[in-house]
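This chain uses plain numbering: 1 for the first residue, then up along the sequence.
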Amino acid sequence: MTPDAYASGVVAGRTHRRPDMSMEQDGTAHGAGRAVLAFVTGGSGGIGKSGNARMLAAALGGTGRHVVLVDGNAGQQSQRVWHRLGPERMLENAQWLDTLDRAILMPRRTGQAYALLPGPADPLAAGMNDLYGAAILRLCETPGIDLVLVDADRIDPAQWEDRRTFAGHVIRPFMEAGLARMLFRIGQTGSQLEDGMRALGAVDDADMTCAVAVAAAGLAHPRTDRDWARILAPVARYAGTDRWDVSTLALQTPGSRLTPPHTPWLCRQAAFLGLRLEPAAREQAKGWWPWRRTR
């Protein structure tokens, strides 16, 4: 497969039945032979999207599942900064998809319970969204991978309609084909709430979208779960509120070994993906995916 062929692969995926997104799943991944795919995003910055992606990847990786975290925010590349990666680690190494493994850092290299696909060295290079899409599709079709978790930039209605953006060119086709889910972060008040609701309204897929509210440390009166369930009901499932405190901030220390607590909202995110936070029995996958590879 070449990068510019990824769109046809996503379109072909439209023949797949959209999965049952109930949070009461039995903990098995949806779709035999295909990894679960989820995009972590939100309607504004500063609400912990990248931290959420790392925590969920680490928590599920810690149960024995094979998780690949993708740094999908080409402009900011928070995962590159947090994992302290040099410029030689880049998405461009995946441009020949038959050797995609050369671009991925395996768990022993990341020092975490997950593998990582870094962002590009040149975020403005032509065809970068096609390369992202092709790499993500290839990862999803690779035996032995349970979850492909993409840390994406914020989205808004204009980006969702613009096929030149990551939201419109990568996230939306996977979502509309029923091949991906969205994990959405939303703030309590002001623009973080308003921008988040506008973005969710543009996506307009409550069955495939799961939202977590963010309560910053020191917030005196966060909204109740009942309030959030009512507000979000037309546009997303509600997984709970991520209440930031001193321990939350400690998990954001760059390069630290992640062992996140299984908080209720994190457990509900995992359940939404059909991957419960409990030890996973598995057989060693065959093929090119050597999970213990060290380079």
Side-chain angles (χ1 to χ4, degrees), residues 3-4 6-11 13-14 37-54 56 69-81 91 117-137 139-140 148-214 231-232 234-237 269:
D4 59 0
Y6 106 89
S8 62
V10 173
V11 170
R14 294 179 190 273
L37 170 61
F39 293 92
V40 182
T41 184
S44 56
I47 54 175
K49 298 182 295 294
S50 297
N52 187 162
R54 285 192 298 272
L56 186 58
L69 176 60
V70 178
D71 195 347
N73 186 343
Q76 186 174 357
Q77 296 196 44
S78 297
Q79 303 302 347
R80 174 181 296 280
V81 174
L91 178 67
L117 179 62
D122 183 1
L124 300 180
M128 195 53 62
N129 284 333
D130 284 326
L131 180 55
Y132 261 121
I136 290 168
L137 185 62
L139 287 172
C140 290
V148 178
L149 192 61
V150 184
D151 173 22
D153 196 2
R154 58 175 292 275
I155 63 174
D156 59 36
Q159 292 175 10
W160 194 251
E161 295 297 328
D162 188 347
R163 298 292 177 167
R164 296 168 298 177
T165 67
F166 187 87
H169 193 82
V170 180
I171 302 177
R172 185 171 180 175
F174 278 107
M175 293 279 292
E176 291 183 343
L179 300 179
R181 293 125 234 199
M182 180 178 288
L183 301 177
F184 195 89
R185 307 269 298 185
I186 187 167
Q188 294 275 334
T189 59
S191 62
Q192 290 189 341
L193 174 60
E194 295 167 2
D195 291 346
M197 291 305 297
R198 280 193 287 267
L200 287 171
V203 175
D204 192 24
D205 196 342
D207 288 340
M208 302 289 275
T209 306
C210 180
V212 166
V214 178
I231 293 169
L232 294 167
V235 289
R237 310 286 182 90
Q269 280 190 333

Contacts of type side chain to side chain contact (heavy atoms under 4.5 Å, CB included), residue D162, not counting sequence neighbours: R164, T165
Output yes when a side-chain donor or acceptor of H169 lies under 3.5 Å from a complementary backbone atom of R163, and no otherwise. yes
Hits for salt bridge (Lys or Arg N to Asp or Glu O under 4.0 Å) against E194, two or more places apart or cross-chain, chain-then-number order -> none
Sub-3.5 Å donor-acceptor pair from the side chain of R185 to the main-chain atoms of I47, do we have one? yes
What are the two closest non-hydrogen atoms of G45 and R154, and how far apart are they? N-CD, 4.2 Å
For A211 and A236, which heavy atoms make the closest approach, and how far apart are they? CB-CB, 4.0 Å
Would D195 and S44 count as having a side-chain donor-acceptor pair, cut-off 3.5 Å? no
Side chain to side chain contact (heavy atoms under 4.5 Å, CB included) between D71 and L117, intermediate numbers included: CA-CA 6 Å; D71 195 347; L117 179 62; over 6 Å; no
Taking every heavy atom of L149 against every heavy atom of A53, the minimum-distance pair comes out as CD2-O, 3.3 Å
Any heavy-atom pair between the side chains of I155 and V203 that's under 4.5 Å? yes
Heavy atoms of R172 and W160 approach each other most closely as NH1-O, 3.0 Å
Donor-acceptor under 3.5 Å (R181 side chain, M208 main chain): no
Heavy-atom distance under 4.5 Å between the side chains of R237 and T209, does that happen here? no
Answer yes or no: is there a donor N or O on one side and an acceptor on the other, between the side chain of Q77 and the main chain of A74, under 3.5 Å? yes
Under 3.5 Å, side chain of R80 to main-chain N/O of P118, donor-acceptor pair present? no
Could you check whether any side-chain heavy atom of M128 comes within less than 4.5 Å of a side-chain heavy atom of L91, counting everything from C-beta outward? yes
Test side chain to side chain contact (heavy atoms under 4.5 Å, CB included) on L183 and L56; report intermediate values, then the result. CA-CA 11 Å; L183 301 177; L56 186 58; 3.5 Å; yes
All side chain to side chain contact (heavy atoms under 4.5 Å, CB included) counterparts of A158, not counting sequence neighbours: D156
Any side-chain heavy-atom pair from V70 and Y132 closer than 4.5 angstrom? yes
Quick one: does I136's side chain get under 4.5 Å of V150's, heavy atoms only? yes
I want to check something: taking the side chain as every heavy atom from C-beta on, are L232 and F184 in contact at a cut-off of under 4.5 Å? no
Checking R54 now: which residues fulfil salt bridge (Lys or Arg N to Asp or Glu O under 4.0 Å) with it, not counting sequence neighbours? none
Can you list the steps and then say if D205 with M182 is a side chain to side chain contact (heavy atoms under 4.5 Å, CB included)? CA-CA 9 Å; D205 196 342; M182 180 178 288; over 6 Å; no
How many angstroms lie between CD in Q79 and OG in S50, if you round to the nearest 0.5 Å? 5.0 Å
Go through the structure and list residues passing side chain to side chain contact (heavy atoms under 4.5 Å, CB included) with P234, not counting sequence neighbours. none
Which atoms form the tightest heavy-atom contact between Q188 and L193, and what is the distance? O-CD2, 3.5 Å
In the structure I gave you, are the side-chain heavy atoms of K49 and N73 within less than 4.5 Å of one another anywhere? no
Compare all side-chain heavy atoms of Q76 with those of V81 and state whether any distance is below 4.5 angstrom. no
Indicate the atoms forming the closest heavy-atom contact of F39 with A180, along with that distance. CE1-CB, 3.7 Å
Report the residues that fulfil side chain to side chain contact (heavy atoms under 4.5 Å, CB included) with A152, sequence neighbours left out, ordered by chain and then residue number. T41, F166, I171
Going by distance alone, is a donor N or O of one side chain under 3.5 Å from an acceptor N or O of the other, for D153 and Q159? no
